[in-house]
Amino acid sequence: MDLAYICEWEKWPKSTHCPSVPLACTWSCRNLIAFTTDLRSDDQDLTRVIHILDTEHPWDVHSICSGHSEAVTCLEWDQSGSRLLSADADGQIKCWSMADHLANSWESPVGSLVEGDPIVALSWLHNGVKLALHVEKSGASSFGEKFSRVKFSPSLTLFGGKPMEGWIAVTVSGLVTVSLLKPSGQVLTSTESLCRLRGRVALADIAFTGGGNIVVATADGSSASPVQFYKVCVSVVNEKCRIDTEILPSLFMRCTTDLNRRDRLPAITHLKFLARDMSEQVLLCASSQTSSVVECWSLRKEGLPVNNIFQQLSPAVGDKQPTILKWRILSATNDLDRVSAVALPKLPISLTNTDLKVASDTQFYPGLGLALAFHDGSVHIVHRLSLQTMAIFYSSAAPRSVDEPAIKRPRTTGPAVHFKAMQLSWTSLALVGIDNHGRLSMLRISPSMGHSLDAGLALRHLLFLLEYCMVTGYDWWDILLHVQPSMVQSLVEKLHEEYTRQKAELQQVLSTRILAMKASLCKLSPCAVTRVCEYHAKLFLIAASSTLKSLLRPHVLNTPDKSPGDRLTEVCAKITDVDIDKVMINLKTEEFVLDMNTLQALQQLLQWVGDFVLYLLASLPNQGSPLRPGHSFLRDGASLGVLRELMVVIRIWGLLKPSCLPVYTATSDTQDSMSLLFRLLTKLWICCRDEGPTSEPDEALVDECCLLPSQLLIPSLDWLPVSDGLVSRLQPKQPLRLHFGKPPALPGSATSLQLDGLISLMNHTLWAPGQPKMDHLRRLHLGAYPTEACKACTRCGCVTMLKSPNKTTAVKQWEQRWIKNCLCGGLWWRMPLSYP
């Protein structure tokens with residue numbers, strides 16, 4: 001476990017830290033982190049501000065003036081990572097969603113209020129989606145065997161079984177409040193007492209059962225009091241939300257029943273279920289001013305012994321022994337230093353003895369450990385059932401002996417720097433902590449957890465987690481932290497191999513995600529920079545092809561099963577003629593008729609297709625040089641086939657409206673550029689198509705491609721800039737020191753990389769002053785200082801305008817493909833306007 005980077009605030013004038021204010025921190029599956037600070041100054045109270053950042057660009061923090069009247073006590077992301085709940089010490093709960101799908105623009109249209117009653121626990125209702133990871137089947141061919149869906153009921157369902165959205169919260173005075181979001185946008189809120197005798201609730205946590213019930217654990221903060229558990233059932237009756245509560249068995253912490261230690265640990269400071277969908281296991285921490293004890297408890301069914309007299313009176317009792325639910329302690333630690341924060345893993349590895357045996361057999365450790373932060377600044381990863389230490393990290397410069405007891409360490413003057421809030425990432429390979437000085441630290445957690453793993457096994461574990469992200473749609477940034485440049489080639493190959501073993505339908509669903517994953521892996525290796533450009537070009541080609549084909553409409557409604565797009569693919573695959581006009585004859589041209597304005601609006605997209613074909617053919621003679629982007633396309637029969645289909649479509653549309661055709665600068669006025677390019681493209685496609693035998697391009701084709709630069713002006717393609725993110729620049733054992741609000745001058749930035757005539761600008765900022773800007777998705781030049789507001793992808797660096805300059809249906813259809821996320825799946829981030 002080592003530090004990847006640390007990000008700190010500039011010195012705030014006249015501001016002070018409030019140690020009594022608890023910090024909230026939460027990490028979404030899209031790798032956005034929301035957190036609060038405990039800073040207060042004369043002018044403003046920063047404890048009410050919510051900060052959101054993307055882990056790839058931590059300096060670019062977005063602060064939301066939340067409108068909360070008191071300090072924010074709870075933050076919680078939803079399962080999709082696109083909405084955020086915040087609650088404060090005045091009982092106000094707000095639901096935040098992205099405005100215009102931008103990760104740095106948030107609005108709160110709905111919320112709820114329990115006036116004057118601070119919120120101590122908050123959670124979204126469960127949507128019924130639960131996966132199980134089968135680590136022992138990591139060698140299986142099907143993703144369905146490795147990651148299976150577990151039967152789990154949603155907390156509440158709408159008509160037809162659709163899960164109802166909403167949230168549940170617990171207040172200090174022992175109230176439970178539930179708010180339901182109706183599809184109409186209306187909010188149904190109901191509040192109920194957890195039990196008849198209400199008492200103070202200092203700590204609480206919420207978990208869900210497979211049957212759709214909710215379990216709430218509460219403690220009043222004193223270790224002499226029991227930890228109470230309640231079952232909460234939510235239902236909708238007559239358009240009103242109804243809450244029913246039931247008391248479950250409670251427990252006293254083991255350390256408080258020991259007469260010798262009862263008074264030494266007076267307070268319960270942490271209460272957490274081991275997972276939000278695991279209500280049978282709970283983690284408790286009792287503390288004094290200097291030390292803590294952590295215990296893990298499990299709820300079990302146990303037989304109730306029945307007296308012989310009752311067995312004789314009621315034979316039914318004798319046949320089947322009655323059972324009761326009882327809390328049993330699983331494990332407890334010895335005296336530790338005082339615990340300041342706890343973080344639990346989110347990776348869905350079930351916790352039975354057989355599963356733990358499998359984990360030890362496979363040596364797969366991510367997800368098995370939870371993190372404990374201590375007041376002396378150290379962080380321990382401990383096994384979440386046995387509570388035995390798996391890894392240790394010290395934030396102080398002076399190394400300490402691991403064997404030295406925590407109690408005997410000399411106390412330093414003043415409180416040490418320690419984490420007040422922590423969160424583990426969704427694959428448990430990274431840990432974020434907010435310390436008592438307001439700094440944010442990102443820690444790498446090695447998949448081996450300190451055990452010695454051979455390189456092949458470590459690679460297989462990373463591959464397994466990448467597959468998990470591919471299936472779930474979660475962001476995989478935290479996995480990239482552990483990928484060394486030497487691993488990139490084998491990871492990309494193995495990922496592709498696993499992908500090709502899946503069913504055709506699943507391959508189609510995951511086709512774009514695997515390309516984005518390969519591109520992000522290739523960024524980590526200096527040798528594979530050109531491959532990044534190729535994967536992004538392929539993503540663009542798939543999206544453009546799908547959009548253009550979807551515009552084709554059958555001439556009559558009662559058509560056979562195949563759509564015009566499918567028929568186009570079939571005809572182009574069957575007819576291998578090099579003459580574009582002969583291929584056109586076999587198509588029903590009436591299916592290609594479109595409105596003239598629509599065709600004109602698509603011109604930039606069609607221009608890109610034409611330029612890309614010309615660029616690829618012109619680079620064929622240099623195919624021995626993999627340093628030139630486009631190298632892999634020359635042997636990719638499927639992509640060349642798609643380009644060939646699009647050339648046919650463009651040719652037909654050019655007959656309807658010549659001005660929508662790609663513009664080429666030719667040396668001869670009489671030359672038919674489209675026919676020439678189609679002829680050469682077809683010859684190249686025949687060499688490497690899937691159906692026929694693959695062969696090397698013949699010399700005549702290479703000679704013709706050599707002549708292309710003398711016949712047509714070869715365009716310089718606007719490849720995506722190499723993103724200014726951190727992950728490719730992080731070095732092991734060399735943490736980066738960053739400042740919020742100040743982009744760092746990273747090593748290797750602002751350099752120009754010459755690749756066989758291609759200049760790829762690797763600017764550390766995508767908006768290099770005075771550089772001409774490009775809308776990478778609409779293929780429009782924006783000028784050096786764009787007047788339109790733009791957004792950039794947090795992962796690939798792709799830039800596009802926020803508002804569409806064109807209102808035609810076809811352009812809207814194209815823009816709908818990337819309105820929520822970039823083509824690579826990354827989130828959009830609004831960019832500041834630049835001025836000369």
Side-chain angles (χ1 to χ4, degrees), residues 1-8 25 27 31 33 53 55-59 337 340-343 345 347 363-374 376-383 389-404 416-419 421-435 437 439-455 457-459 461-462 465 476-488 491 523-525 725-739 744 746-748:
M1 187 159 63
D2 66 312
L3 187 64
Y5 61 75
I6 188 164
C7 208
E8 53 193 334
C25 173
W27 192 329
N31 282 323
I33 293 172
L53 58 82
T55 52
E56 177 78 328
H57 308 88
W59 60 87
D337 200 347
S340 62
V342 177
L347 209 59
Q363 293 183 287
F364 184 84
Y365 301 106
L368 288 183
L370 57 90
L372 298 175
F374 297 96
D376 67 347
S378 63
V379 177
H380 290 207
I381 303 290
V382 299
H383 195 289
T389 303
M390 300 169 80
I392 296 177
F393 168 77
Y394 284 110
S395 59
S396 60
R400 293 192 181 96
S401 166
V402 177
D403 303 323
E404 187 185 350
V417 176
H418 60 269
F419 291 145
M422 284 194 310
Q423 278 274 310
L424 281 162
S425 72
W426 282 63
T427 60
S428 300
L429 292 185
L431 174 77
V432 70
I434 315 294
D435 65 28
H437 289 186
R439 294 180 304 194
L440 179 139
S441 302
M442 179 66 67
L443 304 179
R444 290 189 192 90
I445 300 177
S446 167
S448 64
M449 291 283 185
H451 299 79
S452 55
L453 292 185
D454 62 78
L457 195 59
L459 202 70
H461 291 343
L462 290 176
L465 289 170
W476 54 90
W477 178 89
D478 42 332
I479 303 173
L480 300 181
L481 285 175
H482 301 273
V483 177
Q484 303 300 324
S486 56
M487 298 179 182
V488 168
L491 263 179
K523 271 186 197 171
L524 305 176
S525 171
L726 279 182
V727 75
S728 56
R729 294 175 168 88
L730 290 173
Q731 302 294 325
K733 311 293 182 193
Q734 293 176 14
L736 288 175
R737 200 173 193 87
L738 307 165
H739 289 272
L746 294 170

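Just so we're clear, the structure is a prediction, and the values are computed from it rather than from any experiment.
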Inset, instruction - Check for a donor-acceptor pair, side chain of E56 on one end and backbone N or O of V727 on the other, with a separation under 3.5 Å. - result: yes
Inset, instruction - Flag the pair R439 / R737 as yes when at least one side-chain heavy-atom distance between them is below 4.5 Å, and no otherwise. - result: yes
Inset, instruction - Mark yes or no for whether H482, through its side chain, and L429, through its backbone, hold a donor-acceptor pair below 3.5 Å. - result: yes
Inset, instruction - Could you tell me the separation between the CH2 atom of W477 and the CG atom of L726, rounded to the nearest 0.5 Å? - result: 7.0 Å
Inset, instruction - Please check if the side chain of S428 supplies one atom and the backbone of P366 the other of a donor-acceptor pair under 3.5 Å. - result: no
Inset, instruction - Check ring pair (Phe, Tyr, Trp, His ring centres under 6.0 Å) between W426 and all other residues, then give those that pass, not counting sequence neighbours. - result: Y474
Legend entry - Side chains of I6 and P735 in contact at under 4.5 Å (non-hydrogen atoms): no
Legend entry - Heavy-atom side-chain proximity of T55 to W27 below 4.5 angstrom: yes
Inset, instruction - Might you point out which heavy atoms bring P345 and G367 nearest each other, and give the distance in Å? - result: CG-O, 3.5 Å
Inset, instruction - Verify side-chain contact (heavy atoms from CB on, under 4.5 Å) between L347 and F364, making sure each step is shown before the conclusion. - result: CA-CA 12 Å; L347 209 59; F364 184 84; 4.2 Å; yes
Legend entry - Heavy-atom pair with the smallest gap, counting every atom of A343 and L424: O-CD1, 3.7 Å
Inset, instruction - Can you see which heavy atom on V379 is nearest to which on M422, and at what distance? - result: CG1-SD, 4.3 Å
Inset, instruction - Find the distance between CG (L3) and CE (M442) and round it off to the nearest 0.5 Å. - result: 10.0 Å
Legend entry - pair I381-Y365: side-chain heavy atoms closer than 4.5 Å: no
Inset, instruction - Quick one: closest heavy-atom pair of Q363 and L457, and the distance? - result: OE1-CD2, 3.2 Å
Legend entry - Spacing of E8 atom CD and L440 atom CG [to the nearest 0.5 Å]: 11.0 Å
Inset, instruction - Search all heavy atoms of F419 against all heavy atoms of S340 and return the closest pair with its distance. - result: O-OG, 2.6 Å
Inset, instruction - Find out whether K523 and L480 are in side-chain contact, i.e. whether some heavy atom of one side chain is under 4.5 Å from a heavy atom of the other. - result: no
Inset, instruction - Could you tell me the separation between the CG atom of L368 and the NE2 atom of H383, rounded to the nearest 0.5 Å? - result: 4.5 Å
Inset, instruction - Could you tell me the separation between the CD atom of Q423 and the CD1 atom of I434, rounded to the nearest 0.5 Å? - result: 10.0 Å
Legend entry - Results of side-chain hydrogen bond (donor to acceptor under 3.5 Å, both in side chains) for T427 - residues two or more places apart only: D478
Inset, instruction - Using a 4.5 Å cut-off on heavy atoms from C-beta on, say whether the side chain of P744 contacts that of L736. - result: no
Legend entry - Nearest heavy-atom neighbours spanning S728 and L524: CA-CD2, 3.8 Å
Legend entry - Gap separating the NE2 atom of H461 from the OG atom of S446, nearest 0.5 angstrom: 10.0 Å
Inset, instruction - Determine whether L738 and P58 make a side-chain contact, defined as any pair of heavy atoms from C-beta on separated by less than 4.5 Å. - result: yes
Inset, instruction - Check step by step if side-chain contact (heavy atoms from CB on, under 4.5 Å) holds for C25 and V432. - result: CA-CA 9 Å; C25 173; V432 70; 3.9 Å; yes
